[in-house]
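Naming convention: chains lettered A, B, ... in sequence-line order (proteins, then strands); numbering from 1 in each chain.
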2 protein chains.
Amino acid sequence: MFNVSTRVQYGFLALLALADGDGKTPVRLGSIARDLHLSFKYLENIFQSLVKARIVRGTRGPEGGYVLERDPRSLSLYDIFRALEGPVFTVECFDEESACRHLALCPVRDLWGELRGSLEKFLKRRTLADIKSKYKKPVVLAHMEMFGVAGEETGKKESASI
Amino acid sequence: MFNVSTRVQYGFLALLALADGDGKTPVRLGSIARDLHLSFKYLENIFQSLVKARIVRGTRGPEGGYVLERDPRSLSLYDIFRALEGPVFTVECFDEESACRHLALCPVRDLWGELRGSLEKFLKRRTLADIKSKYKKPVVLAHMEMFGVAGEETGKKESASI
DNA sequence: CTATTTCCTAGTAAGTTGGTATGAAATATA
DNA sequence: TATATTTCATACCAACTTACTAGGAAATAG
Ligand code: FES
Ligand code: FES
């Protein structure tokens with residue numbers, strides 16, 4: 001089965017939030033989590049993988065946050081999958097431990113190879129910049145509107161209503 | 001992540017074993033399990049799904065076994081995936097319960113749609129007959145040789161060596 | 001009647017997914 | 001220097017999926 005994990009879905013959305021900015025001023029996870037209605041803790045978890053893969057760079061403390069470390073035009077969906085999920089495509093026949101991997105000529109093995117190839121080709125072709133430029137409106141803003149949130153970015157912590 | 005489950009791998013291999021035959025005389029799971037070095041019980045489990053999906057038909061008793069119920073030229077890899085794994089592609093954004101599914105215009109949502117499309121297109125294009133005809137040698141025979149098994153189909157239960 | 005083979009319903013151990021919890025380390029600001 | 005803020009690091013957990021196994025009922029050829 002092919003499942004796009006929530007790690008990838010949320011991570012990708014959050015990366016678009018970084019790409020929406022000017023690329024210089026760090027974006028806090030707190031604001032992304034609020035805007036996209038996602039778990040802050042889970043986003044932190046996800047972003048540690050992105051840091052390790054050198055896709056983003058974080059700076060701590062007040063005025064801290066994350067910036068993209070790679071050019072969105074060369075940052076592919078494949079890179080993001082690899083950073084967040086590890087291997088993109090698995091099949092027993094390709095594993096070291098598999099009994100059948102020594103059969104040189106096998107149409108079934110070839111089939112899995114082609115499937116992997118087609119999948120990777122798709123993922124490598126799409127970059128963060130491609131997706132971002134697909135519609136005029138910033139993606140994060142669009143999702144905020146979906147939740148009926150007013151776009152107050154530096155707002156005063158939505159008032160002390162508790 | 002995309003994982004081709006062992007259900008699909010083994011099931012596909014076993015279907016090729018049926019396709020290797022004349023299409024009339026039933027093939028027993030016992031012989032397939034022996035030739036491909038797979039678990040008989042697991043194959044039974046897998047074939048129940050194939051029966052339910054009307055891909056194969058079984059007849060019980062001695063001289064029983066399975067035959068293909070569908071033409072290999074129209075039996076696609078997609079059909080086999082569906083029968084054995086259920087949904088081929090899942091992503092939260094497409095689910096009923098997902099928070100974001102009501103956003104009409106979303107480049108990210110479009111991206112997942114394209115990914116699904118590309119995957120399904122690949123799987124629907126390949127048929128059992130295609131793969132079978134890719135090499136001259138029957139696929140099952142090739143795998144048997146890999147295990148160093150002599151091709152004795154109706155053999156005498158590999159002698160009472162226990 | 002008996003051996004053989006599929007059919008059917010369960011169950012289960014290991015791995016993956018989708019998160020939480022807790023606290024340490026760094027840093028801007030006062 | 002003290003403090004609030006933010007990332008960094010490690011560990012944990014519940015629910016779900018995967019990859020099987022178990023035990024027997026039902027059909028059928030000889
Ligand atoms: S060699 Fe792995 S399926 Fe044929
Ligand atoms: S609507 Fe689901 S990701 Fe945008």
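Rounded to an integer number of Å, the gap from A:Arg34 CZ to D:dT6 P is 11 Å. The distance between atom CZ of B:Phe40 and atom C1' of D:dG23, rounded to the nearest whole Å, is 13 Å. Between B:Leu84 atom CG and D:dC20 atom C1' there is a gap of 15 Å when expressed in whole angstrom units. In this structure, the CD1 atom of A:Ile46 is 9 Å from the C1' atom of C:dG18, given to the nearest Å. Between the CD atom of A:Glu92 and the C1' atom of D:dC20 there is a distance of 12 Å, rounded to whole Å. The separation between B:Phe47 atom CZ and D:dC20 atom P is 16 Å, rounded to whole Å. Rounded to a whole Å, the CD atom of B:Glu85 is 10 Å from the C1' atom of D:dT18. Note: CZ (A:Arg28) to C1' (D:dT5) measures 9 Å, nearest angstrom.
For the pair A:Asp20 and A:Lys132, the minimum side-chain heavy-atom distance is below 4.5 Å.
Judged as a side chain to side chain donor-acceptor pair (under 3.5 Å), and not counting sequence neighbours, A:Ser74 has no contacts. When the side chain to side chain donor-acceptor pair (under 3.5 Å) test is applied to B:Lys124, no partner is found at least two apart in sequence or on another chain. With sequence neighbours excluded, the residues that form a side chain to side chain donor-acceptor pair (under 3.5 Å) with A:Glu92 are B:Tyr10. B:Thr90 pairs by the side chain to side chain donor-acceptor pair (under 3.5 Å) definition with A:Asn3, not counting sequence neighbours. A:Asp130 is linked by a salt bridge (Lys or Arg N to Asp or Glu O under 4.0 Å) to nothing, counting only residues two or more places apart in sequence or in another chain. In this structure, the ring pair (Phe, Tyr, Trp, His ring centres under 6.0 Å) partners of A:Phe2, at least two apart in sequence or on a different chain, are B:Phe2, B:Phe89.
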Between the protein and nucleotides 25-27 of chain D, which nitrogen or oxygen pairs are less than 3.5 angstrom apart?
| unit_1 | atom_1 | unit_2 | atom_2 | d |
| --- | --- | --- | --- | --- |
| D:dA26 | N3 | B:Arg60 | NH1 | 3.2 |

Atom pairs, protein N/O to nucleotides 11-16 of chain C N/O, distance under 3.5 Å:
none

Residues A:Leu68, A:Leu128; criterion side chain to side chain contact (heavy atoms under 4.5 Å, CB included); working and verdict: CA-CA 11 Å; A:Leu68 282 175; A:Leu128 193 64; 4.0 Å; yes

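Using a 4.0 Å heavy-atom criterion, one finds that A:Tyr66 contacts the sugar-phosphate atoms exclusively. Among the protein residues, A:Gly30 comes within range of no part of the nucleic acid, since none of its heavy atoms lies under 4.0 Å from any strand.
In the set C:dA28, C:dT20, D:dT7, the nucleotide with an atom closest to the side chain of A:Glu63 is C:dA28. Distances from the side chain of B:Gln48 to the nucleotides D:dT21, C:dC7, D:dC8 place C:dC7 closest.
Counting distance only, with no hydrogens placed and no angle test, the side-chain atoms of B:Lys41 and the base atoms of D:dG23 include a donor-acceptor pair under 3.5 Å.
A heavy atom closer than 4.0 Å to some atom of DNA chain D occurs in B:Ser5, B:Thr6, B:Tyr10, these being the qualifying members of residues 5-14 of chain B. Listed by residue number, the members of residues 51-59 of chain B with any heavy atom below 4.0 angstrom from DNA chain C are B:Val51, B:Gly58, B:Thr59.
Under the 4.5 angstrom side-chain criterion for Ile, Leu, Val, Met, Phe, Trp and Tyr, the cluster partners of A:Tyr135 are B:Leu105.
Taking side-chain N and O atoms only, A:Tyr42 has no distance below 4.0 Å to OP1 or OP2 of D:dC13.
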Name every donor-acceptor pair, under 3.5 Å, that has one atom in a side chain of residues 46-61 of chain A and the other anywhere in the protein, sequence neighbours excluded.
| unit_1 | atom_1 | unit_2 | atom_2 | d |
| --- | --- | --- | --- | --- |
| A:Gln48 | NE2 | A:Tyr66 | OH | 3.4 |
| A:Ser49 | OG | A:Arg7 | NH2 | 2.7 |

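The existence of a salt bridge linking A:Asp71 and A:Arg73 is confirmed by a sub-4.0 Å separation between a basic side-chain nitrogen and an acidic carboxylate oxygen. A:Asp95 and A:Arg101 are not joined by a salt bridge, as no carboxylate oxygen comes within less than 4.0 angstrom of a charged side-chain nitrogen.
By the neighbour-count criterion of 12 heavy atoms within 6.0 Å, atom NZ of B:Lys134 is densely surrounded, having more than that number from other residues, nucleotides or ligands.
Under the side-chain contact (heavy atoms from CB on, under 4.5 Å) test applied with A:Ile32, the options A:Val140, A:Leu18, A:Leu15, A:Leu16 reduce to a single match, A:Leu18.
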